[in-house]
*Asks:* 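Before we start, here is the structure in question, set down as structure tokens.
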Amino acid sequence: AQECQNLEVERQRRLERIKQKQSQLQELILQQIAFKNLVQRNRQNEQQATRSPPANSVIHLPFIIVNTSKKTVIDCSISNDKFEYLFNFDNTFEIHDDIEVLKRMGMACGLESGNCSPENLKVARSLVPKALEPYVTEMAQGSINSVYVAST
Amino acid sequence: KEVLERLKYIKTDIEDLKLKEKELDQQKMWLQQSIRSIMDRTYGGRFTYVTHEDICNCFARDTLLAIQAPSGTQLEVPVPEKGHCGQKKYQISLKSRSGPIHVLLINKE
Amino acid sequence: SCLTPQTAMLYRFNGSPSKSLKDINTMIKQREQT
């Protein structure tokens with residue numbers, strides 16, 4: 001009975017670790033799909049426009065966005081080599097990373113919110129290897145945790 | 001008898017979990033490699049950009065700072081404290097070790 | 001003075017999960033309300 005109890009504790013610990021790894025995998029799948037969609041979109045746009053967009057009109061990844069009200073006064077100090085910046089705001093702000101921007105642009109096919117149309121699901125599945133397709137299907141239905149149950 | 005049954009089931013399940021965890025680690029490694037190659041300039045890295053318009057369409061508030069920095073750059077946000085005149089100060093500091101940081105102020109108006 | 005978790009929150013480009021930024025946004029909102 002004691003051995004049973006010890007193994008049960010180990011089993012729970014492994015289950016927790018697997019759930020955490022699945023959620024990290026889910027985030028990486030979203031990134032993979034979003035990045036591939038972004039590259040495809042830009043490539044198509046450039047082919048149609050038969051030229052690249054002006055360098056000062058695009059922002060390359062990785063980046064972050066700080067979002068604040070237009071009334072906010074921002075005071076900025078920059079080191080000569082541009083390796084250090086200090087911003088002072090007199091109002092609140094929000095910070096978002098590039099993945100968040102790509103999700104808002106729809107590049108993750110709506111998987112992040114679990115509402116993915118059948119066409120988008122097809123696109124999303126084509127952007128990941130076969131072994132990961134079950135995850136994409138589960139994410140499209142908004143229930144990643146069940147993937148583990150399914151495989152056992 | 002029940003305890004022995006339970007013991008057998010748990011041992012089998014732990015073996016399953018070991019395999020599952022190994023599979024997850026491999027899939028994670030594969031994805032990280034795949035994302036690195038997408039970001040790599042030779043493959044699609046030239047196309048991993050967003051336009052100012054893309055960004056403006058994503059956010060409601062009007063003033064945006066787009067901060068592009070080398071991987072590993074550290075961003076630090078101190079817990080806001082009250083300044084002398086009682087007003088709260090909100091601060092962001094950025095420190096890069098491997099290259100310059102580029103900041104673009106986008107004012108939607 | 002050395003930084004402690006109570007005094008600042010950190011994020012690393014291409015190194016920290018998006019959640020770190022969500023935590024920073026939550027902290028800013030909470031501090032604004034207090």
Side-chain angles (χ1 to χ4, degrees), chain A residues 1 3-4 7-8 10-11 14-15 17-18 21-22 24-25 28-29 31-32 35-36 38-39 42-43 46 53 57-70 72 74 76 81-93 95-96 98 101-102 104-105 129 131-132 148 151-152, chain B residues 3 6-7 10-11 13-14 16-18 20-21 24-25 27-28 30-32 34-35 38-39 44-52 54-55 57-69 71 75 77 87 89-97 99-105 107-109:
Chain A
E3 187 189 357
C4 213
L7 285 178
E8 186 58 51
E10 182 193 343
R11 180 173 171 274
R14 283 183 181 277
L15 269 172
R17 220 168 40 222
I18 282 176
K21 288 187 174 179
Q22 271 187 287
Q24 288 166 5
L25 195 73
L28 283 171
I29 289 172
Q31 286 186 28
Q32 163 95 355
F35 287 156
K36 281 202 160 183
L38 179 70
V39 167
N42 290 340
R43 200 193 290 270
E46 288 196 17
S57 71
V58 299
I59 293 158
H60 273 272
L61 277 62
F63 64 81
I64 61 167
I65 296 292
V66 178
N67 179 222
T68 185
S69 146
K70 63 184 166 193
T72 303
I74 305 174
C76 175
D81 58 6
K82 286 194 172 182
F83 276 43
E84 291 197 33
Y85 281 69
L86 179 63
F87 296 99
N88 279 302
F89 299 75
D90 68 350
N91 200 340
T92 60
F93 53 76
I95 312 179
H96 300 281
D98 40 30
V101 172
L102 295 187
R104 293 185 185 204
M105 288 166 61
L132 295 177
Y148 169 65
S151 63
T152 52
Chain B
V3 170
R6 181 91 188 125
L7 204 52
I10 293 179
K11 281 183 176 169
D13 204 26
I14 284 178
D16 276 353
L17 293 178
K18 280 180 187 166
K20 180 66 195 168
E21 193 163 359
L24 283 168
D25 291 339
Q27 288 167 341
K28 189 175 161 189
W30 184 91
L31 274 170
Q32 283 167 333
S34 172
I35 287 169
I38 293 171
M39 301 296 277
R46 191 168 78 76
F47 296 103
T48 51
Y49 60 77
V50 296
T51 64
H52 298 174
D54 288 329
I55 292 181
N57 294 337
C58 289
F59 294 97
R61 289 201 272 182
D62 298 309
T63 300
L64 303 168
L65 287 177
I67 303 174
Q68 202 220 335
S71 293
L75 175 141
V77 176
Q87 194 178 21
K89 278 193 342 176
Y90 300 90
Q91 208 173 64
I92 295 176
S93 79
L94 291 162
K95 288 191 182 73
S96 160
R97 285 204 177 79
I101 298 166
H102 300 289
V103 178
L104 181 78
L105 175 63
N107 193 320
K108 279 199 213 171
E109 277 179 351

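Chain letters run A, B, ... following the sequence lines, proteins first, then strands; residues in each count from 1.
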*Asks:* Does any backbone or side-chain atom of A:Ile29 lie under 4.5 Å from a heavy atom of chain B? Answer side chain, backbone, both or neither.
*Replies:*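 For A:Ile29, heavy atoms of backbone and side chain both lie under 4.5 Å from chain B.
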*Asks:* Considering only heavy atoms and a distance below 4.5 Å, find which of B:Val3, B:Leu75, B:Asp25, B:Ile67 pairs most often with chain A.
*Replies:*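 Looking at each of B:Val3, B:Leu75, B:Asp25, B:Ile67 in turn, B:Ile67 comes out on top.
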*Asks:* Quick one: which of B:Gln27, B:Gln32, B:Arg6 has the most heavy-atom pairs under 4.5 Å with chain A, could you say?
*Replies:*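 Highest number of pairs under 4.5 Å: B:Gln27.
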*Asks:* Measure A:Gln24 against the heavy atoms of chain B and call it side chain, backbone, both or neither at under 4.5 Å.
*Replies:*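 Only the side chain of A:Gln24 comes within 4.5 Å of chain B.
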*Asks:* At a heavy-atom distance under 4.5 Å, which candidate from B:Val77, B:Ile10, B:Leu104, B:Val50 has the highest pair count against chain A?
*Replies:*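 Counting heavy-atom pairs under 4.5 Å, the top option is B:Val50.
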*Asks:* Highest number of heavy-atom pairs under 4.5 Å with chain B: which of A:Arg11, A:Glu8, A:Lys21, A:Glu10?
*Replies:*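 Result: the option with the highest number of such pairs is A:Arg11.
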*Asks:* Heavy-atom distances under 4.5 Å only: say whether B:Ala66 touches chain A with side chain, backbone, both or neither.
*Replies:*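 Answer is both: backbone and side chain atoms of B:Ala66 are under 4.5 Å from chain A.
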*Asks:* Relative to chain B, which of A:Asn42, A:Leu25, A:Asn88 shows the most heavy atom pairs under 4.5 Å?
*Replies:*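 Of A:Asn42, A:Leu25, A:Asn88, A:Asn42 has the most heavy-atom pairs under 4.5 Å with chain B.
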*Asks:* If you measure from CD1 on A:Ile64 to CD on B:Gln68, what distance do you get to the nearest 0.5 Å?
*Replies:*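 That separation rounds to 11.5 Å.
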*Asks:* So, B:Lys11 and A:Glu3, do they make that salt bridge, N to O below 4.0 Å?
*Replies:*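 A salt bridge links B:Lys11 with A:Glu3.
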*Asks:* Would you mind telling me which of B:Ile101, B:Asp54, B:Thr51 has the largest number of heavy-atom pairs within less than 4.5 Å of chain A?
*Replies:*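 Looking at each of B:Ile101, B:Asp54, B:Thr51 in turn, B:Ile101 comes out on top.
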*Asks:* Quick check for you: among A:Leu132, A:Thr68, A:Leu7, A:Leu38, which has the greatest number of heavy-atom pairs under 4.5 Å with chain B?
*Replies:*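 The answer is A:Thr68.
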*Asks:* Relative to chain A, which of B:Lys28, B:His102, B:Arg97 shows the most heavy atom pairs under 4.5 Å?
*Replies:*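 Highest number of pairs under 4.5 Å: B:Lys28.
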*Asks:* Check whether A:Asp98 gets within reach of chain B through its side chain, its backbone, both or neither, counting any heavy atom under 4.5 Å.
*Replies:*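 For A:Asp98, there is no contact with chain B at all, as no heavy atom is under 4.5 Å.
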*Asks:* Under a 4.5 Å heavy-atom cutoff, which of A:Asp81, A:Val101, A:Thr92 has the most pairs with chain B?
*Replies:*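 Most heavy-atom pairs within the cutoff with chain B belong to A:Thr92.
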*Asks:* Of the non-hydrogen atoms in B:Gln91 and A:Phe93, which two are nearest, and what is the gap between them?
*Replies:*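 That would be O-CZ, 3.9 Å.
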